[in-house]
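Right, one structure below, let's go through it.
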Amino acid sequence: RVIPSTEQDAALRDLLARFPIPDFDAGRPLTDQWATLLDEALAGSDVDVSWSEDVAPWFDGRVAVALTDASVMTATSMQTATPPGMLVGVGVTDAAAAGSFLERMRTASGQEFSSVEHDGTTIWTTTDGVGGTWSYAVASDQVLFAPTADDIADAFDRAAASDSFAANPELGRLSAGLPADWLMFGLVNNQALIEGIRDDAMLTTPEMAPLFDAFQGQSAQALVTVVVTPDGVAMDGAAAPPTGVYAVANADRGLAAQVPGDVLYFVEGGNLGPILAEYAAAFKTAAAADPSMADGLDQ
């Protein structure tokens with residue numbers, strides 16, 4: 001939420017007021033202050049754009065970033081000019097105004113754009129100057145940016161189906177326990193991430209792929225919110241319960257009674273033996289596939 005709620009804005013100003021920030025006014029809404037800074041920066045550039053006049057009238061204050069392909073974080077994807085499966089969504093209150101602004105920017109850029117139609121929505125694509133492409137489309141509630149038109153078309157199709165993030169009942173149940181008035185909200189699909197990195201390892205270093213098998217059973221999905229308070233920044237999280245050797249077993253092991261009362265930090269966890277055994281088995285399998293690690297495996 002680039003434009004925070006009134007409560008979050010006030011809390012953030014209270015927090016920032018504790019630091020020597022030049023020209024910062026703790027009594028003035030942050031949205032007004034950074035809008036002024038943006039207008040001044042744009043006025044001094046070669047771009048004929050005003051934030052207050054050209055963007056603010058249709059921007060709803062929210063920006064979302066999504067990675068829909070786990071390979072974007074792997075070595076294979078680093079070798080490509082344009083990483084796959086990246087989406088940026090900019091919320092809009094007036095789709096027509098947003099479309100008009102982007103049309104003006106498209107014309108002023110002097111670049112050549114191609115377009116395709118997808119279920120009544122136009123997706124525009126151009127090159128990025130380094131061998132890749134980028135695309136955008138204006139939907140009723142947001143402007144979508146992605147490396148390719150296919151990425152945007154896939155996002156539209158998913159939004160119209162029943163397997164999106166918003167339609168997932170398990171994620172809805174987890175998020176219900178988190179603060180509603182957040183500044184940032186995040187979701188990590190651990191299962192998809194691990195599987196994607198493992199698939200990439202199979203293509204690049206197959207002997208290392210078994211190491212990722214040891215992660216099976218960890219929390220499949222995790223949510224987190226970031227909320228500003230007058231005294232700091234609070235992060236709340238919720239996750240699906242882990243399974244297998246990672247399943248939580250609550251027990252009183254009596255360890256706290258043996259710890260002095262003036263310690264700075266104390267953490268304990270039980271049932272670690274089976275987890276360590278899983279890691280050891282996975283490491284042995286990976287090491288056995290690499291002759292250069294034979295000596296280390298013997299040790």
Side-chain angles (χ1 to χ4, degrees), residues 1-45 47 49-67 86-95 97-98 101 141-145 165-166 168 170-190 193 219 221-240 256 259-268:
R1 290 173 175 164
V2 180
I3 300 178
S5 67
T6 301
E7 292 77 14
Q8 280 291 279
D9 186 281
L12 189 52
R13 281 185 281 123
D14 286 346
L15 182 64
L16 294 176
R18 304 187 181 196
F19 300 92
I21 303 175
D23 301 323
F24 170 67
D25 183 354
R28 184 183 173 202
L30 284 173
T31 303
D32 294 345
Q33 295 188 63
W34 62 253
T36 299
L37 292 175
L38 282 173
D39 282 335
E40 292 175 350
L42 289 170
S45 70
V47 182
V49 174
S50 164
W51 173 267
S52 297
E53 296 180 7
D54 297 320
V55 180
W58 55 262
F59 177 49
D60 80 350
R62 298 175 298 165
V63 175
V65 178
L67 302 181
M86 294 188 67
L87 288 169
V88 176
V90 179
V92 303
T93 56
D94 186 338
F101 168 74
D141 62 345
Q142 62 188 302
V143 178
L144 279 179
F145 298 90
F165 164 39
N168 189 314
E170 172 64 13
L171 294 177
R173 183 185 67 80
L174 289 174
S175 64
L178 297 175
D181 187 17
W182 40 261
L183 196 65
M184 297 180 66
F185 178 89
L187 158 70
V188 178
N189 188 337
N190 296 314
L193 186 62
S219 297
Q221 294 157 326
L223 308 179
V224 63
T225 57
V226 178
V227 176
V228 182
T229 72
D231 297 316
V233 178
M235 299 180 65
D236 289 279
V259 178
D262 58 353
V263 298
L264 295 178
Y265 183 71
F266 170 73
V267 60
E268 68 168 279

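- The structure places CD1 of Ile21 at 4.5 Å from CG of Leu16, a figure rounded to the nearest 0.5 Å.
- Proximity of Val49 to Phe101: side-chain heavy atoms (C-beta onward) are separated by under 4.5 Å at one or more points.
- For residues 174-183, the set of pairs meeting the side chain to side chain donor-acceptor pair (under 3.5 Å) definition, not counting sequence neighbours, comprises Ser5-Asp181.
- The shortest distance between side-chain heavy atoms of Gln221 and Glu170 falls below 4.5 Å.
- Note that CG of Leu12 and CD of Glu7 are 13.0 Å apart. Values are rounded to the nearest 0.5 Å.
- Listed here is the closest heavy atom pair of Thr31 and Pro4: OG1-CD, 4.1 Å.
- Trp34 CH2 to Trp51 CH2: the interatomic distance, rounded to the nearest 0.5 Å, is 4.0 Å.
- Of the inter-residue distances, the one linking Leu183 atom CG with Met235 atom CE reads 11.5 Å to the nearest 0.5 angstrom.
- Here the side chains of Thr93 and Pro57 are not in contact, with every heavy-atom distance at 4.5 Å or above.
- Between Asp39 and Ser52, the side chains place a donor N or O and an acceptor N or O closer than 3.5 Å (distance only, hydrogens not considered).
- The environment of CD in Glu268 is crowded: more than 12 heavy-atom neighbours from other residues, nucleotides or ligands sit within 6.0 Å.
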### Message
Under the criterion side-chain contact (heavy atoms from CB on, under 4.5 Å), I'd like the reasoning laid out for Val233 against Leu15: C-alpha separation, chi angles, the key distance, then a yes or no.
### Response
CA-CA 9 Å; Val233 178; Leu15 182 64; 4.1 Å; yes
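- Side chain of Ser219 to backbone of Ala240: a donor-acceptor contact under 3.5 angstrom is found.
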Could you give the side-chain donor-acceptor pairs of residues 59-67 under 3.5 Å, partners two or more places apart or in another chain?
from, atom 1, to, atom 2, distance (Å)
Asp60, OD1, Arg62, N, 3.0
Asp60, OD2, Arg62, NE, 3.0
Asp60, OD2, Arg62, NH2, 2.7

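- Pairing each heavy atom of Thr229 with each of Ala234, the nearest pair is CG2-CB, 4.4 Å.
- Counting only residues at least two apart or in different chains, salt bridge (Lys or Arg N to Asp or Glu O under 4.0 Å) contacts with residues 10-25 comprise Asp9-Arg13, Arg18-Asp231.
- Remark: Leu174 CG to Leu223 CG distance equals 5.5 Å, nearest 0.5 Å.
- In this structure, Phe266 places its CZ atom where more than 12 heavy-atom neighbours from other residues, nucleotides or ligands lie under 6.0 Å away.
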